[in-house]
Amino acid sequence: MSTKQVKVGVIICSCKNKLHQYLDFQSISKELKKIKEVSAVIECSDLCDTKESSDVISKIKKTGADRLVVCGCDKRVYENEFVSVLKKEKINEGLWWPVNISDDCARAVKGKKAATDICIQYISAAVKRLAFAEAVGSTSREIIQDISIIGSGISGMQSAILLSALGYKINMLFAGKEMGGYAAAHPDLYAYLDTDPAEASEKIKKHMYELSHKIKDDKNISMYADTTVQSVDGNFGDFLIQANTGEKEISIKSGAVVLAMGSQCRQASAGSIFTDEPNLMGMDRLYDIMSKGKVPQRIVFLMDQNREQERGTTSAVLSAALKLVKEHGASVKIYCNNVRVAAYGLEALYRRTRDAGVVVIKYNEKPKIKTEENGIFINLYDTITGTILSEEADLVVIADCEPISDDAVKANTIEGLRRGPDKELQYNNIWLLPALSNRVGIFVIGGAKGNSEYREALVDGLACAWEIHEQLKENKIQVYDDVAKIDAEKCALCLTCMRICPHGAIFIDHENESAGVQAVSCRKCGMCAAECPAGAIQLIRYSDNEIEAELAGPAKVVAFACENSAIPAGVSASESGLMRSKDIRLIRIPCAGKVNPNNVLAALEAGADKVMIIGCHPESCKYLSGSSRASRRMERLSQLLEKAGIDPLRVSFNGIASVETKRFEEYVSDT
Amino acid sequence: MNKSKGDTPQSIMIIGGGIAGTTAADRLGRSGMTVHLIEKNDAIGGRVKNMGCKATDKCMRCNICVANETFRNIINRSNITIHTSTELVGLQKGENGNRFTGSLKNGSGVQEIDTDTVVIAIGYEPYDPKENSSYKYGSIKNIITGAEVEKQLKEKQSITRASDGKEPKRTAFIQCVGSRTEEIFRRPEDTDYCSTVCCSYALRMAQRMKYQSEESEITVFYMDIQNFGKGFNALFNECKKNIRFIRSRPFEVNPLPGDKVSVRYVAEEALSDDQGKVCEEEFDLLVLSVGIRPPLGAVDMADRLSVALDDQGFFGLKGGRALSELHAEGIYAIGAGESPKDIAGSIAQAEAISASILSNL
């Protein structure tokens with residue numbers, strides 16, 4: 001709690017005098033000076049000019065203020081440069097707060113008088129909240145700069161070579177004896193990558209050979225073949241991998257971990273049905289037979305039996321079919337639902353395959369396989385004649401595969417790693433691009449991401465090198481303590497926070513007998529603070545005290561606005577000339593998931609008729625589950641209000657994307 | 001030449017301010033490079049600038065917001081210079097210790113800029129259905145392209161008919177217009193590629209239109225639905241519930257009274273009764289899902305920079321070679337001008353070459 005008298009300075013930028021036409025700067029200044037915490041109000045004309053902002057700050061500091069409310073435009077415009085000025089002027093990073101008087105007041109509210117009044121409300125609220133702000137400290141921490149890559153397919157190899165070129169030491173852990181994944185084992189299947197297929201498989205073979213030799217000769221890269229990873233523990237900058245090399249148990253420390261185990265998708269999954277019937281098989285056994293040279297005449301591929309397959313399956317089937325016809329003289333039919341050619345070279349492969357005489361049948365109803373004494377039959381219901389067409393085959397290949405095999409990786413042992421709907425190792429969220437996982441310092445590339453393809457995997461491998469380099473380039477990092485803070489006294493060790501943290505940042509602090517926060521992994525969404533049943537967690541900059549202080553003052557409609565979606569949508573709305581109700585007040589929050597029911601009730605108590613949370617659409621929440629939590633919380637709260645005889649429609653959750661200006665206008669216009 | 005790691009910041013010239021170019025600018029800028037971003041239009045944002053968010057009551061994962069965040073991020077950065085309304089007119093061997101000297105032309109004249117690396121990110125050209133007068137595009141008002149629907153969505157956040165400004169009730173999408181097609185005057189290998197992104201954009205748009213008006217009925221004429229991008233199967237499964245899929249390439253469209261459009265097609269599947277028969281249906285709006293073509297200036301650009309184009313006219317590289325060995329020394333190509341790709345793919349590739357550039361310094 002803030003007991004001592006704080007002094008707050010206010011800077012108001014007129015954006016090169018452009019805001020004067022919308023706002024009455026004199027009366028703003030006059031009103032603000034009445035607030036007892038305010039020690040100075042200074043107008044400037046260009047906050048983006050570092051010299052001017054530096055001058056203004058030193059003037060304000062002379063009045064005894066140690067904290068600043070900065071009123072200007074969208075903080076994304078000036079923040080980078082401004083923060084460096086703050087550092088120079090020795091104002092703590094935790095002790096300033098931005099107010100967007102341009103987009104939330106000047107351009108958003110009709111009439112100079114009304115806009116000026118709103119502006120005064122916004123700034124006063126900011127002064128109140130800033131009185132509770134705490135200085136943010138930081139510590140310098142050493143990190144391990146070595147990198148571990150699990151898997152040795154094209155993505156992992158590319159990543160290793162590039163990271164080594166950037167000066168890092170790499171550990172490559174992989175199953176099997178040879179590197180190169182499927183492309184090295186079956187270069188024929190990747191001939192589609194080149195428009196000259198005659199030479200293509202030789203080229204791929206040579207390329208994979210060169211890459212693996214480059215890695216073998218590279219002193220920066222240590223290889224661990226035949227290795228199974230048992231566990232990955234720790235956090236960014238300090239991971240510990242336990243693995244088994246077949247001969248011994250090893251443990252490897254590294255700063256970042258790259259999951260590149262591939263999709264294992266050529267290993268057909270349907271397992272059991274292949275065992276009894278020798279001529280019914282998955283792709284792997286077909287490759288075996290092909291490599292031995294003796295292949296039966298009539299071959300049928302079945303695809304999309306249990307689920308729509310990915311491009312990897314299509315390319316493997318088309319490539320194998322072409323080879324069977326050209327090199328083994330077989331006659332080949334492919335039954336599938338869709339031919340997936342959405343990658344470089346696949347349409348051409350499809351054309352060549354058809355030109356070679358392979359028949360592709362796109363079925364409506366799944367064909368059935370019947371094994372009889374005299375052979376295997378494929379029965380397909382023909383919709384034209386209404387009869388069942390039966391076709392005999394010497395060999396039937398079920399080409400379907402699961403996107404990710406569970407044995408491929410013991411990723412379940414990676415604490416807090418969230419997987420996608422098909423169990424792929426990357427959670428399906430638009431912000432996790434291209435190789436990011438939900439855990440800081442863990443990256444997912446290539447087939448392990450699901451629905452990948454050679455060229456995409458290759459690009460992933462290189463792209464993750466940039467991301468890793470950005471994070472690991474210094475051997476020391478500044479770790480700021482403006483993260484979630486757990487009060488050990490209040491913590492009941494229920495571990496709700498640990499279960500819900502989308503970034504795996506919570507651990508059990510045995511020393512203090514409470515939950516603890518790994519500052520390097522915390523991404524400051526505040527979801528844990530909102531969910532903690534004991535109220536033991538506060539997020540620095542967004543503590544309950546600060547939020548509730550900001551609620552003081554009259555506002556008919558309070559909108560807790562997520563800074564990843566609603567805040568930028570509001571800015572774009574104002575930029576495109578859309579107006580909003582003068583009754584609405586936005587309260588900036590890091591994530592919809594930060595708002596707990598008490599914050600909402602506090603807003604109602606402070607006099608709001610209506611309280612809403614405007615956050616990302618739940619599927620695109622930057623912190624994965626913040627919006628869906630907020631949405632559920634508001635639903636429950638609304639039911640409770642109804643029971644208490646209060647209009648349930650007074651609280652709501654509203655989803656928005658940062659570019660949806662119209663939707664923003666709908667939410668905040670007069671109703 | 002001073003090329004030691006971490007020494008003086010290197011200068012990078014990126015041609016094209018679309019999502020690929022701006023992402024590369026952002027990443028290289030963050031890594032401390034001096035970046036010149038050359039954009040021929042008066043604002044950055046490329047094609048994505050004219051695309052709208054397809055969120056219904058949920059996010060459709062079209063990535064438009066991700067791209068817009070990048071556009072905003074690179075403004076006001078001290079080491080990124082954005083040259084709008086500017087074109088690269090020449091590239092010579094560098095004289096001042098840099099690999100190249102580029103000549104940039106804008107309204108006020110020609111300016112020379114030294115650079116070590118050139119990144120080609122000039123984007124794509126949507127297929128123009130007027131080219132082969134496909135589906136009478138241009139002569140029937142209520143036949144529009146996927147790109148035009150995107151523009152409507154972006155500008156008005158709703159989709160209406162060109163003829164009367166009303167919301168269409170029955171809408172049809174025709175997939176693979178200008179993609180996966182053999183053309184008389186071209187060799188098959190020049191045109192037989194899949195534009196990769198059209199299935200996803202059409203299905204997302206279809207969901208957006210269903211959301212806009214519950215009564216709207218949507219039909220998709222397709223050859224194969226392409227499973228492309230993260231989480232596609234989930235989207236496809238959702239679409240199977242409320243959108244009609246007909247595997248057929250319509251062979252004729254005709255104008256009807258009331259500004260409706262008739263579509264004639266041979267049903268390859270659909271209802272069993274219709275199989276193999278010629279069917280005719282009326283629609284209020286017909287959307288041609290046009291594919292991705294090489295950028296218009298590709299040939300000139302390739303000449304100017306002395307790099308080769310692939311068979312289809314993109315800057316793509318054949319085979320298994322890594323992007324780190326791209327084209328010529330110091331020249332990279334990324335984004336949809338390299339090969340058809342979506343926003344996520346362009347971002348990945350921009351990051352990939354950023355790492356390659358850093359490692360080559």
Side-chain angles (χ1 to χ4, degrees), chain A residues 48 76-77 80 158 162 165-167 183 190 193-195 200 203-204 207-208 307-308 310-311 338-344 346-348 351 362 364 383-384 420-421 428 430-431 433-434 450-451 454 456 458-460 462-463 465-467 469-470 617-620 655 657-660 662-663, chain B residues 5 27 30-31 53 55 57-59 61 63-66 68-69 72 76-78 157 180 188-189 192-194 196 199 224-234 236 247 269 272 275-276 310-311 316 318-324 339 344-345 347-349 351-356 358-359:
Chain A
C48 296
R76 291 175 297 178
V77 174
N80 285 344
Q158 283 293 356
L162 191 43
L166 285 165
Y190 293 83
L193 291 164
D194 202 299
T195 36
K203 270 196 210 164
I204 299 282
H207 183 67
M208 299 315 280
R307 57 184 286 280
E308 290 275 337
E310 274 90 24
R311 290 165 291 171
N338 286 294
V339 180
R340 291 166 201 88
V341 289
Y344 205 80
L346 281 181
E347 180 75 34
R351 176 174 49 81
K362 297 175 192 173
N364 217 3
T383 43
I384 298 180
N428 187 10
I430 55 169
W431 298 102
L433 278 174
N451 194 8
Y454 181 93
E456 285 178 14
L458 189 158
V459 167
D460 277 354
L462 302 175
W466 182 85
E467 287 166 6
H469 179 56
E470 265 309 289
H617 294 289
E619 299 75 20
S620 51
S658 60
V659 289
E660 288 187 288
K662 265 265 174 66
R663 207 190 285 252
Chain B
K5 222 175 263 188
R27 305 302 195 258
R30 280 205 252 160
S31 298
C53 168
D57 52 358
K58 10 177 161 168
C59 167
R61 306 182 204 275
N63 281 331
I64 301 293
C65 52
V66 178
N68 275 281
E69 192 174 285
R72 200 174 268 269
N76 285 359
R77 294 252 293 266
S78 56
Q157 301 187 11
R180 303 188 67 191
E189 55 266 41
D192 60 356
Y193 65 92
C194 163
T196 70
C199 286
D224 295 289
I225 294 295
Q226 298 301 330
N227 179 335
F228 180 74
K230 259 165 99 179
F232 181 86
N233 271 349
F236 189 24
R247 195 196 296 276
E269 44 172 57
S272 58
Q275 181 130 9
D310 65 13
D311 286 336
K318 306 169 198 173
R321 284 191 289 164
L323 286 153
S324 46
S339 68
I347 292 175
Q349 213 176 23
E351 257 180 33
I353 61 120
S354 300
S356 300
L358 290 177
S359 75

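Chain identifiers are assigned alphabetically (A, B, ...) following the order of the sequence lines, protein sequences preceding nucleic acid strands; residue numbering begins at 1 within each chain.
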Notebook entry, point to check: Which of the residues A:Gly655, A:Pro434, A:Pro618, A:Ala657 is involved in the greatest number of heavy-atom pairs with chain B at under 4.5 angstrom?
Noted result: A:Pro434

Next item on the list: Heavy-atom pairs under 4.5 Å with chain A are the metric here; pick the option from B:Ile225, B:Asn68, B:Ile64, B:Asp57 that has the most.
Entry: B:Ile225

Notebook entry, point to check: Under a 4.5 Å heavy-atom cutoff, which of B:Gly229, B:Ser354, B:Ala348, B:Gly231 has the most pairs with chain A?
Noted result: B:Ala348

How many angstroms lie between [atom1] in [X] and [atom2] in [Y], if you round to the nearest 0.5 Å?
| X | Y | atom1 | atom2 | answer |
| --- | --- | --- | --- | --- |
| A:Ile430 | B:Arg61 | CD1 | CZ | 8.0 Å |
| A:Arg340 | B:Thr196 | CZ | OG1 | 15.0 Å |
| A:Arg311 | B:Cys194 | CZ | SG | 9.5 Å |
| B:Asn76 | A:Arg76 | CG | CZ | 11.5 Å |
| B:Gln157 | A:Glu660 | CD | CD | 6.5 Å |
| A:Asn364 | B:Arg247 | CG | CZ | 7.5 Å |

Tell me, side chain or backbone of [X] under 4.5 Å from chain B's heavy atoms, or both, or neither?
| X | value |
| --- | --- |
| A:Glu308 | both |
| A:Asn80 | side chain |
| A:Ala183 | neither |

Check: Counting only N and O atoms by type, is there a donor-acceptor contact under 3.5 Å from the side chain of A:Arg663 to the main-chain atoms of B:Ala55?
Finding: yes

Notebook entry, point to check: Is a side-chain N or O of B:Gln226 found less than 3.5 angstrom from the main chain of A:Val339, in a donor-acceptor match?
Noted result: yes

Next item on the list: Check whether any side-chain heavy atom of B:Glu351 sits under 4.5 Å from a side-chain heavy atom of A:Val459, and report yes or no.
Entry: no

Note to self: Is any side-chain heavy atom of B:Asn227 closer than 4.5 Å to one of A:Asn338?
What the structure shows: no

Next item on the list: Evaluate side chain to side chain contact (heavy atoms under 4.5 Å, CB included) for A:Val341 paired with B:Asp224, printing each intermediate quantity in order.
Entry: CA-CA 9 Å; A:Val341 289; B:Asp224 295 289; 5.7 Å; no

Notebook entry, point to check: chain A heavy atoms under 4.5 Å from B:Arg72: which part of the residue, side chain, backbone, both or neither?
Noted result: side chain

Margin query: Please classify the contact of B:Ala234 with chain A as side chain, backbone, both or neither, using a heavy-atom distance under 4.5 Å.
Written below: neither

Checklist line | Lys/Arg-Asp/Glu bridge criterion (N-O < 4.0 Å) met for B:Lys58, A:Glu619 | finding: no

Check: Looking only at heavy atoms, which two atoms of A:Trp466 and B:Leu358 are closest? And how far apart?
Finding: CD1-CD1, 3.8 Å

Notebook entry, point to check: Looking only at heavy atoms, which two atoms of A:Leu166 and B:Ala355 are closest? And how far apart?
Noted result: CD2-O, 4.3 Å

